[in-house]
Number of protein chains: 2
Amino acid sequence: MSIDDICGETRFDMSKVADVKEHLQHLIPDVAIERLSDTFKVLSDPTRVKIVFALLRSELCVCEIAEVVGMSQSAISHQLRKLKDHRVVKRRKAAKMVYYSLDDEHIIKLLTEGISHVREELHDPIALPLGERLR
Amino acid sequence: MSIDDICGETRFDMSKVADVKEHLQHLIPDVAIERLSDTFKVLSDPTRVKIVFALLRSELCVCEIAEVVGMSQSAISHQLRKLKDHRVVKRRKAAKMVYYSLDDEHIIKLLTEGISHVREELHDPIALPLGERLR
DNA sequence: TAAACATATGATCACATATTCATATGTATG
DNA sequence: CATACATATGAATATGTGATCATATGTTTA
């Protein structure tokens, strides 16, 4: 079967397609695909990314984050909820305040890899010493 | 200044907030934050993630991808456009067909890290030999 | 316990996004 | 060159998302 015959009405190269399908199922079940895309979705918003970068430097309470990011307390609180639901951040209560910090080492690696992609995309390096962690 | 005085009406610990702000600007400019979250946004959709996983196994034409993923040709084509715009995939034309393949090594690392996060989140390991590449 | 304050949350609205449908584009071939 | 076929794309629609506003919750302290 020639390569040009692969597509078209019911004329797939079934063995190839079946192989890829099986590979897909073996590699990662549909449920995990959902979870995975959800994980990326958490970092798909600039406000949340900013929050994570801020927390990379230091544990912060909600109003401090709002000040740093330049957004309302309510907006930040809503976003922190999402970050917490996805275990990206954790919180510690102290008196009236609630202090947030990063909860997952993998998030930093995710960010690092994401930046590598962006750097390649831009052909314009971004300074990024991500070796540091929460102080 | 006590820790309890940090928040409240105009009573931030300005030096701390200023430090984090500066850290944020130094680490990554706002423009890059946008690009970064955009990159994650590309992988925030299950259909696109499936496409990437399929292409991890083999270069595929549009109709093969549609068959593997189980979605219409049009839907796949729209998503491929987004993946291409973000340099996640590249294409090769051959006669009537257009073959897509992965275009960025970092994407695989991104997926790997994402899976690590999901795995941690689920407390339920996902099989994942991501060592392989395009054949 | 009343007031002040830090945070959380529900409702709303504007905007983004994914799929579908119809159709356009482009290429091979009878 | 007309037809078949592979892919791309614009419009329409349904659903999702993020910021805002108002307000609730919870904690401290006067």
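Naming: A, B, ... by sequence-line order, numbering from 1 per chain.
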K82(B) side chain near dA18(C) phosphate (N/O to OP1/OP2, under 4.0 Å): yes

Heavy-atom check, side chain of S116(B) versus side chain of K109(A), under 4.5 Å: no

Whole-Å gap separating P (dT9(C)) and CG (L80(A)): 11 Å

Whole-Å distance separating the CG atom of L60(B) from the P atom of dA6(D): 15 Å

same_hphob_cluster(M14(A), V69(B)) at 4.5 Å side-chain heavy-atom cutoff: yes

Below 4.0 Å: OP1/OP2 of dT7(D) and any side-chain N or O of R91(B): no

Nearest-Å distance for atom pair CE/C1', residues M71(B) and dC21(C): 16 Å

Q79(A) side-chain proximity, nearest of dA19(D), dG10(D), dA8(D): dA19(D)

Sugar-phosphate only, base, or nothing, as touched by S77(B) at under 4.0 Å among non-hydrogen atoms: base

Side-chain N or O of R48(B) closer than 4.0 Å to phosphate OP1/OP2 of dA18(C): yes

Nearest-angstrom distance from the residue atom CZ of F40(B) to P of dT17(D): 18 Å

Over all atoms of both residues, closest heavy-atom pair of L36(B) and G114(A): CD1-C, 3.4 Å

Whole-Å distance separating the NE2 atom of H86(B) from the P atom of dT17(C): 9 Å

Nearest to side-chain heavy atoms of M97(B), which nucleotide of dA19(D), dT7(D), dA8(D): dT7(D)

Heavy-atom closest contact (S37(B) atom, V49(A) atom, distance): CB-CG2, 4.0 Å

Rounded distance in Å - CG (L43(A)) to P (dT17(D)): 15 Å

E22(B) atom CD, neighbour heavy-atom count above 12 within 6.0 Å: no

Side chain of K41(B) - closest among dT20(D), dT17(C), dA8(D): dT17(C)

Under 4.0 angstrom between Y100(A) side-chain N/O and dA6(C) OP1 or OP2: no

Side-chain N or O of K93(A) closer than 4.0 Å to phosphate OP1/OP2 of dG26(D): no

Euclidean distance, atom CZ of residue R81(B) to atom P of dT17(C) [Å, nearest integer]: 14 Å

Cationic N near anionic O, under 4.0 Å, K84(B) to D103(B): no

d(NZ, K96(A); P, dT29(D)) in whole Å: 7 Å

Quiz item: S74(B) side-chain donor-acceptor pair to dC21(C) base, under 3.5 Å: yes

From dT27(C), dT7(D), dT7(C), nucleotide with atom closest to V62(A) side chain: dT7(C)

Most 5' of H78(B) and H78(A) on DNA chain D, judged by nearest nucleotide: H78(B)

Base of dA8(D) paired with side chain of Q73(B) (donor-acceptor, under 3.5 Å): yes

Side chain of C63(A) (C-beta onward), nearest among dT20(D), dT7(C), dG18(D): dT7(C)

